[in-house]
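As the structure lists them, so they are numbered: ligands from 1, and atoms in each ligand from 1.
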Amino acid sequence: MTRVFSGIQPSGEMHLGNYLGAVRQWVIDQHEYDSIFCAVDLHAITTQQDPDDLRSKTLDTVAGLIAAGLDPEQCILLVQSHVHEHTDLAWLLECTVSFGELSRMTQFKDKSARQSGDFVSAGLFTYPALMAADILLYDTDRVPVGEDQRQHLELARDVATRFNSRYGDTFVVPEAAIPKTAARVMDLQAPHNKMSKSVDSVAGTVLVFEEPSAIAKKFKRAVTDSDTEVRFDPDEKPGVSNLLSILAACVGREPADVADEYTRYGDLKVATAEAVLAVLEPIQTRRTELLADPAELARLIEIGASKAEELAVKVMDRARNAMGFLPRG
Ligand code: TRP
């Protein structure tokens, strides 16, 4: 069966764009593919983290994913640092990728420039080797990621191919699965920008786990466009089209169809907020339950770690042998 792997940073709260654009697809994928999803806490420390904060965010991320519908019995849901083969393999791959290749990664260039004057860790530079390790460790066929991760995925493919040609066939070369159909959710206040938690736009970003009344308010205040026609046209009418995309994604229809039912911006905003809340409220309830039962959450996390480890150990052994490490007595 096709194996799918994806990772999510435990660095912040899940927003509507993460949910509608990615996580919701993972929930579907887990029934169709042999799926592995990973809270990438080792990637998070490429920029300095407060220890208590990292612990609580990692737990919160896993609880959020389960609440959103990932079933630890159906897929493998793991915390990256629980399976040490991720870092073991990352070293072998750091020695298979070149300094030049890593230097060309646009995410590194952007992030290191943003921290200029500040501390730029070596881990931020080698980050793509760890990401390649995550993927190659599980003989992954498909990697559902956003467009922003395309370059990292290409690098993972190049590294797998190079390793295979140097040391013999060891890794499956993964394909990117960049969703075309998933909703592209834009900022409610600046609809030319993708919704994001890193951009400073509290009013434009809807968090999956914020108060329903706050969510409703954000939709009410969403930016629309200058004329008054409700029409799906992302270039000419980005604000209204974003609302239509979100509404359509929540009710499982096409934005252009949904547009026909509204003549007033106000009605569209109210309907979009209602549709979003109908999707999010059950997820919020489930998350609250999970966080109230730490023992159960820990049990679910352990299921993922042990299932993942069983797979990872085998691929790690294969890679070690291929490279010529002496087996232990
Ligand atoms: N780098 C990815 C991001 O920032 C997260 C990630 C880490 C990932 N390892 C991965 C995604 C492996 C896909 C596969 O979004």
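Between the side chains of Asp29 and Gln25, at least one donor N or O lies within less than 3.5 Å of an accepting N or O. In summary, the side chains of Ser81 and Asp41 do present a donor paired with an acceptor at a separation below 3.5 Å, with no hydrogens or angles considered.
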Could you go through ligand 1 and list every pair where one of its N or O atoms sits under 3.5 Å from a protein N or O, giving the atom names and the distance to one decimal?
unit_1	atom_1	unit_2	atom_2	d
ligand 1	1 (N)	Tyr127	OH	2.8
ligand 1	1 (N)	Gln149	OE1	3.0
ligand 1	4 (O)	Tyr127	OH	3.0
ligand 1	4 (O)	Gln149	NE2	3.4
ligand 1	9 (N)	Asp134	OD2	2.7

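Here salt bridge (charged side-chain N to carboxylate O under 4.0 Å, His left out) pairs that include residues 297-314, with residues two or more places apart or in two chains, are Glu296-Arg299. Listed by first and then second residue, the salt bridge (charged side-chain N to carboxylate O under 4.0 Å, His left out) pairs that reach into residues 247-261 are Arg253-Glu261, sequence neighbours excluded.
A salt bridge links Arg162 with Glu101: the closest approach of a Lys/Arg side-chain nitrogen to an acidic carboxylate oxygen falls below 4.0 angstrom.
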Check: residues 278-285 side-chain donor-acceptor pairs under 3.5 Å, at least two apart:
unit_1	atom_1	unit_2	atom_2	d
Gln284	NE2	Val208	O	2.8
Gln284	NE2	Glu210	O	2.7
Thr285	OG1	Glu281	O	3.0

